[in-house]
Student: 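Quick one: the structure is below, and I'll ask about it shortly.
Because the structure is predicted, anything quoted here is derived from the model rather than measured. No hydrogens, no waters, no symmetry mates; every other heavy atom, side chains included, goes into these values.
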Amino acid sequence: MKIKYKLILGFSLVALCVAVVGHMSLRRSQNALQRIIGDESSVLADNILDKINRDIAQRIENLRIFSRNLADETLLIRSNREFENMEDVHNYLNAKDEEWRSAAEGEITPFMDNLINNGLSKKIRNEFELKSYYEQKYGFKVFGEIFVTNKYGANIAQTGKTSDYRQDDEEWWQNAKQNVLFISDVIHDESADIYSIEIAMRINDENNNFLGIAKAVLNIEEAIKIIKESDAEFEYAGTIFKLITQYGDTIYSTGTFQIFEKVPETLMSLYREKQLEPSHYFLLKDKDAGINKLYSFAFSKGYKDFNGLEWILVIEHEKNEIFASVFRMRKNLIIIALFIMILAIMMGLYISFSISRPVAKLRKAAIEISKGKLDTKIKIKSKDEIGELAHAFNEMSDQIHKRDLALLKAKDELEIKVEERTADLTTANANLERVNNELKEFAYVVSHDLKAPLRAISSLAEWIKADYADKIDEAGKEHLDLLTTRTARMQKLIDGVLAYSRAGRVKGKAKKVDLNNLIQTIIENLDPPENISISVENELPVLVCEETRIMQVFQNLLSNAIKFMDKPNGLIKIGCEKNNTFWRFSVADNGPGIEKKYHETIFKIFQTVSSKDEYDSTGVGLSVIKKTVELYGGKVWLESKVGKGTTFFFTFPQHIFSNRKPEFLENPVN
């Protein structure tokens, strides 16, 4: 692609990136605004419901206090006594209830008038109902009606005409009698002709004996008033507040609604589903209206002893209204992006014209130089960066020509030095081979020449002990035994030194080794005491390796674990894990453990933790293990707790030890 097209494309991409970044920023701002409005509206809905619940709880508490005062009411006590003395209370209640119901609408019979205007009814109106006070303060009456029944369900005092006289057959009456308090959901009270909540409270005497029921019909206008006040203070004019019951019946809405209008089940399902989530809001498209709406909501939680009525307060926002500012910004961003893109194309055309021609000359000159014409020059008279580039190009051409000559000279000198270094390396390799052979011979001679007199000393000690047994006392025999032991240890030490020296030099034949079989062979050879149990925790791999070396590693670790075991029931566990690049083996025991300060020391040759006389240890085994493992690129370490045991770990890279034949091993022995 030519430079002018790249420049145009580059500037266009920059403009596009500006548009994309702006769009993403607006999208994130919109989401953030949605979260903020959703969360704030949910909190507002919760606060409104809390106010409503507090208000209802206060009215319940007022009725509870008033009901307690009725326990000593003379009229209530006298009414209960009169009914107790009746021969047939049931027939009396039915007759009076029929007479009550048969009265014309709006008619107040003398019997009704007596109940409505007796002393207790006046007391209720003056002390509890406070109709005039509430209408003047709120513009509506808080209580639609209040009445009291005796323990037989008959009305004994009331603030107005009720729909019937007998109440004991009503569900609310039975519920309040049994549970002390009954609170209904929103209903239409026919007697008071208002939408209300029924609150019924049981009346007990000081001995908790049932005396009757007090019922108050609470106008829901008080709850609606709280919603209206919150709506008036809300900043978005098109927002709708809606109060619904747990069954989806609409109690009130600041928009157009009908009382007890059913909310769609799809919305109710979302309210119940989102109730369990941290954020109580969601975005939903209204298919009928063709607009997106943001729904924030809260569930009634009650207040103190009042558990609430499980109402749901929903705040609906139209998306176009709450995101109006974001939509305006998006429109402006599109216009700006188009302008930048057009400007970018024009700038790209201008810059490409001023750059592409000089670059074409540079390209032609570079091709000439590649063909070997190192004295090629270009002529560009511009005084900008292109001119400076042309001048630098000409200087580069001169430098390349000079360095080409110097390079040819250096090449000849280098060939001479390589020949000299090759000869030196050949001599060094020959010397190294000679030193290795001498080291092998030295190790053999040291082993043979040192072990021969040691065997002689050991044999002489045995002869003396046998031939002069009757002449040497017990102390002398013990000295001879100590001499034999020390001689044997010296032989082992020589063998250990020889093994240590061979660990990095002598190579055996690679063969397939099943570690499961190898471990069993090692255990049989070690012949552990009966009180020590050795187990393999998982399946061990089949490796292509030098059997003697890996056998030496496991054998040294197991023999140490057996030798130093101090528990009556010794446990030794062998494990293996395959990681991405290496095998990790482990040998764990429940022996005496090793202090932290010895974890590095014990891998040094001739270093032991315990007395050499106590365990007959040369201090070579672990150093041989470390040298063998590190020879193959692995590492060895331990983890231990004093008194609880020790676990030795060692690793081998998988590219060396594999269950497949390694490429560098030829003709393995099967």
Side-chain angles (χ1 to χ4, degrees), residues 59 62-63 66-67 69-135 140-177 182 184 187-203 210-219 221:
R59 302 306 177 193
N62 293 343
L63 183 60
F66 188 76
S67 298
N69 295 333
L70 291 176
D72 298 327
E73 181 59 45
T74 304
L75 181 59
L76 177 59
I77 297 171
R78 185 173 65 246
S79 175
N80 282 328
R81 287 177 182 173
E82 289 175 358
F83 275 73
E84 287 173 0
N85 295 327
M86 289 182 184
E87 293 182 1
D88 193 344
V89 175
H90 183 72
N91 286 335
Y92 175 80
L93 287 172
N94 285 339
K96 285 295 183 182
D97 192 58
E98 181 64 29
E99 176 186 336
W100 191 288
R101 290 172 179 270
S102 62
E105 185 177 354
E107 179 186 1
I108 304 295
T109 66
F111 180 71
M112 295 178 186
D113 185 70
N114 181 52
L115 293 180
I116 294 172
N117 294 303
N118 61 29
L120 181 56
S121 296
K122 293 178 180 178
K123 181 179 180 180
I124 294 172
R125 279 192 287 269
N126 295 332
E127 297 182 11
F128 193 76
E129 185 185 34
L130 301 174
K131 178 180 177 182
S132 300
Y133 170 76
Y134 287 126
E135 285 185 340
F140 57 85
K141 55 184 179 180
V142 172
F143 294 102
E145 65 177 6
I146 303 169
F147 59 88
V148 180
T149 75
N150 62 17
K151 66 180 180 180
Y152 295 94
N155 288 355
I156 65 169
Q158 54 199 67
T159 58
K161 181 182 176 180
T162 57
S163 58
D164 49 11
Y165 169 71
R166 181 180 182 180
Q167 310 297 336
D168 64 319
D169 56 351
E170 299 288 346
E171 181 182 355
W172 61 264
W173 196 93
Q174 296 290 342
N175 194 302
K177 178 182 177 182
F182 169 79
S184 73
I187 61 169
H188 180 255
D189 188 274
E190 296 179 0
S191 301
D193 192 26
I194 60 171
Y195 291 96
S196 58
I197 301 169
E198 294 180 334
I199 306 173
M201 186 75 65
R202 174 182 167 127
I203 305 171
F210 177 55
L211 298 179
I213 301 293
K215 178 183 177 183
V217 178
L218 181 63
N219 196 343
E221 280 294 330

Student: Between K96 and E99 (salt bridge meaning N to carboxylate O under 4.0 Å), is one present in this structure?
Tutor: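 Result for this pair is yes, salt bridge flagged.
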Student: With a 4.5 Å cut-off on side-chain heavy atoms, are M112 and L115 touching?
Tutor: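 Heavy-atom side-chain distance check fails, nothing below 4.5 Å.
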Student: Do any N or O atoms from the side chain of N219 and from the backbone of S196 form a donor-acceptor pair under 3.5 angstrom?
Tutor: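 No, N219 side chain to S196 backbone: no donor-acceptor pair under 3.5 Å.
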Student: What distance do W100 atom CH2 and F111 atom CZ have between them, rounded to the nearest 0.5 Å?
Tutor: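 The distance works out to 6.5 Å.
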Student: Please examine the side chains of E198 and K215, heavy atoms only from C-beta on, and report whether any two atoms are closer than 4.5 Å.
Tutor: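 Heavy-atom side-chain distance check passes, below 4.5 Å.
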Student: Could you go through I146 and V217, starting from their C-alpha distance and side-chain angles, then the distance that decides it, and tell me whether this counts as side-chain contact (heavy atoms from CB on, under 4.5 Å)?
Tutor: CA-CA 6 Å; I146 303 169; V217 178; over 6 Å; no
Student: Quick one: pull up CZ in F128 and CZ in F66 and give me the separation to the nearest 0.5 Å.
Tutor: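 Result: 7.0 Å between the selected atoms.
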Student: Give the C-alpha distance, both sets of side-chain angles, the deciding distance and a yes or no for salt bridge (charged side-chain N to carboxylate O under 4.0 Å, His left out) between K123 and E129.
Tutor: CA-CA 9 Å; K123 181 179 180 180; E129 185 185 34; over 6 Å; no
Student: Side chain of N150, backbone of G153: donor and acceptor closer than 3.5 Å?
Tutor: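 Flag set: sc N150 to bb G153 pair under 3.5 Å.
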Student: Run the ring pair (Phe, Tyr, Trp, His ring centres under 6.0 Å) check on F210 and W173 step by step: do they pass?
Tutor: CA-CA 12 Å; F210 177 55; W173 196 93; 5.7 Å; yes
Student: If we only count heavy atoms from C-beta on, is the I203 to I213 side-chain gap below 4.5 Å?
Tutor: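 Result no, sub-4.5 Å side-chain heavy-atom pair not found.
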Student: Taking atom CG of N175 and atom CD of E170, what is their separation to the nearest 0.5 Å?
Tutor: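 Taking CG in N175 and CD in E170, the distance rounds to 12.5 Å.
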Student: So among D168, D169, D164, which one has a side-chain hydrogen bond (donor to acceptor under 3.5 Å, both in side chains) with R166?
Tutor: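 Answer after filtering D168, D169, D164: D168.
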Student: Check L70 against L76 and note the closest heavy-atom contact, atom names and distance.
Tutor: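 What the structure gives for the nearest pair is O-CD2, 3.6 Å.
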Student: I'd like to know whether the aromatic ring centres of Y134 and F140 sit less than 6.0 Å apart in this structure.
Tutor: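 No, ring centres 6.0 Å or more apart.
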Student: Taking atom OG of S121 and atom CZ of F147, what is their separation to the nearest 0.5 Å?
Tutor: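 The distance works out to 11.5 Å.
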Student: Of the non-hydrogen atoms in I108 and D113, which two are nearest, and what is the gap between them?
Tutor: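 Answer, listing the atom of I108 first, then D113: CG2-N, 3.7 Å.
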Student: Evaluate the side-chain proximity of V142 to L218: yes if any heavy-atom separation is below 4.5 Å, no if none is.
Tutor: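 Answer yes - side chains close enough.
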Student: Verify salt bridge (charged side-chain N to carboxylate O under 4.0 Å, His left out) between R101 and E98, making sure each step is shown before the conclusion.
Tutor: CA-CA 5 Å; R101 290 172 179 270; E98 181 64 29; 5.9 Å; no
Student: Please round to the nearest 0.5 Å and tell me the distance separating atom CD of E105 and atom OG of S163.
Tutor: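 Going from the CD atom of E105 to the OG atom of S163 covers 11.5 Å.
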Student: Begin with the C-alpha distance, continue with both residues' side-chain angles, and end with the deciding distance and a verdict on side-chain contact (heavy atoms from CB on, under 4.5 Å) for L120 and R125.
Tutor: CA-CA 9 Å; L120 181 56; R125 279 192 287 269; over 6 Å; no
Student: Near E84 CD, under 6.0 Å, is it more than 12 heavy atoms from other residues, nucleotides or ligands?
Tutor: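 Yes - once you tally the heavy atoms of other residues, nucleotides and ligands closer than 6.0 Å, there are more than 12.
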Student: Are the side chains of E221 and Y195 in touch, meaning some heavy atoms are under 4.5 Å apart?
Tutor: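 No, side chains not in contact.
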Student: Hey, could you give me the OG1/CD1 distance between T159 and I116, rounded to the nearest 0.5 Å?
Tutor: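 Reported to 0.5 Å precision, the distance equals 8.5 Å.
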Student: Taking side chain as C-beta onward, heavy atoms only, is Y165 less than 4.5 Å from L93?
Tutor: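 Y165 reaches L93 side chain to side chain.
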